*Asks:* 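Questions regarding the structure given below will be posed in turn.
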Amino acid sequence: MTEAERVRVDRWLWSVRAFKTRTDATAACTAGHVRVGGATVKPAHRVGVGDEVEARRGERALRFRVVRPVEKRVGASVAAACYEDL
């Protein structure tokens with residue numbers, strides 16, 4: 001997978017509407033609440049198709065498999081097609 005097919009994890013989480021703002025997604029990464037493949041990652045970590053992303057938002061734990069890397073905020077129906085809910 002080339003680097004062009006990968007996106008920042010904070011941007012991806014915001015794009016698929018896991019977090020309300022990109023600032024919230026970045027803060028979650030910085031605080032250690034986001035993991036990719038079981039390892040805690042920084043906001044600039046890049047994810048691509050097939051990566052498993054875990055994010056904790058308050059008391060709620062979210063777990064996704066990346067199906068499509070997106071960098072821009074998309075509508076809810078498009079966002080749902082960008083990940084597999086685990």
Side-chain angles (χ1 to χ4, degrees):
M1 183 174 318
T2 67
E3 199 58 31
E5 297 169 332
R6 301 178 76 76
V7 297
R8 288 174 56 114
V9 69
D10 62 338
R11 182 168 271 206
W12 185 82
L13 286 167
W14 167 73
S15 296
V16 298
R17 300 173 170 263
F19 288 91
K20 191 171 188 174
T21 66
R22 182 160 171 212
T23 302
D24 290 344
T26 301
C29 292
T30 303
H33 300 302
V34 176
R35 294 174 172 264
V36 175
T40 303
V41 296
K42 294 183 178 184
H45 182 82
R46 297 202 155 298
V47 295
V49 175
D51 286 340
E52 286 189 21
V53 179
E54 298 173 49
R56 202 170 66 232
R57 191 178 65 197
E59 296 295 317
R60 189 166 183 205
L62 308 168
R63 199 164 150 224
F64 307 106
R65 178 172 292 120
V66 178
V67 173
R68 183 174 136 206
V70 290
E71 288 193 9
K72 304 262 185 197
R73 187 105 165 157
V74 293
S77 60
V78 176
C82 295
Y83 62 85
E84 180 182 330
D85 195 358
L86 303 174

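Model, not experiment: these values are computed from the prediction.
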*Asks:* For Arg8, enumerate each residue passing the side chain to side chain contact (heavy atoms under 4.5 Å, CB included) test, keeping only those at least two apart in sequence or located in another chain.
*Replies:*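 Counting only residues at least two positions away or on another chain, Arg8 forms a side chain to side chain contact (heavy atoms under 4.5 Å, CB included) with Asp10, Arg11, Arg22, Pro43, Ala44, Arg46.
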
*Asks:* Not counting sequence neighbours, which residues clear side-chain hydrogen bond (donor to acceptor under 3.5 Å, both in side chains) with His33? List them please.
*Replies:*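 Scan of His33 (side-chain hydrogen bond (donor to acceptor under 3.5 Å, both in side chains), adjacent residues dropped) gives Arg56.
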
*Asks:* Checking the side chain of Arg57 only, and the main-chain atoms of Ala18 only, is there a donor and an acceptor separated by less than 3.5 Å?
*Replies:*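 Indeed, once roles are kept as given, a pair shorter than 3.5 Å links the two residues.
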
*Asks:* Keeping to residues at least two apart or across chains, list the salt bridge (Lys or Arg N to Asp or Glu O under 4.0 Å) pairs with something in residues 28-40.
*Replies:*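 Listed by first then second residue: nothing to list.
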
*Asks:* As a test of understanding, state which of Asp51, Val66, Val49 forms a side-chain contact (heavy atoms from CB on, under 4.5 Å) with Arg6.
*Replies:*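 Going through the options one by one, the only one that passes is Asp51.
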
*Asks:* Do any pairs count as a side-chain hydrogen bond (donor to acceptor under 3.5 Å, both in side chains) and have a residue in residues 59-69, sequence neighbours left out, and if so which ones?
*Replies:*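 Non-adjacent pairs meeting side-chain hydrogen bond (donor to acceptor under 3.5 Å, both in side chains): Glu52-Arg63, Glu52-Arg65, Arg65-Glu84.
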
*Asks:* Roughly how far apart are Lys72 NZ and Ser15 OG, rounded to 0.5 Å?
*Replies:*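 One finds 9.0 Å between NZ of Lys72 and OG of Ser15.
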
*Asks:* Val34, Trp14: one ILVMFWY side-chain cluster at the under-4.5 Å cut-off?
*Replies:*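 Different hydrophobic clusters.
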
*Asks:* Tell me, please, which residues at least two apart from Ala79 pass side chain to side chain contact (heavy atoms under 4.5 Å, CB included).
*Replies:*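 Checked Ala79 against side chain to side chain contact (heavy atoms under 4.5 Å, CB included); matches are Val16, Arg17, Val74.
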
*Asks:* Could you measure the distance from the CZ atom of Phe64 to the CG atom of Asp85? Nearest 0.5 Å is fine.
*Replies:*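 Going from the CZ atom of Phe64 to the CG atom of Asp85 covers 6.0 Å.
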
*Asks:* Residues in ring pair (Phe, Tyr, Trp, His ring centres under 6.0 Å) with Phe19, at least two apart?
*Replies:*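 Not a single residue meets the ring pair (Phe, Tyr, Trp, His ring centres under 6.0 Å) criterion with Phe19.
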
*Asks:* Sequence neighbours left out, what passes side-chain hydrogen bond (donor to acceptor under 3.5 Å, both in side chains) with Thr21? Give chain and number order.
*Replies:*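 side-chain hydrogen bond (donor to acceptor under 3.5 Å, both in side chains) list for Thr21, sorted by chain: Asp24.
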
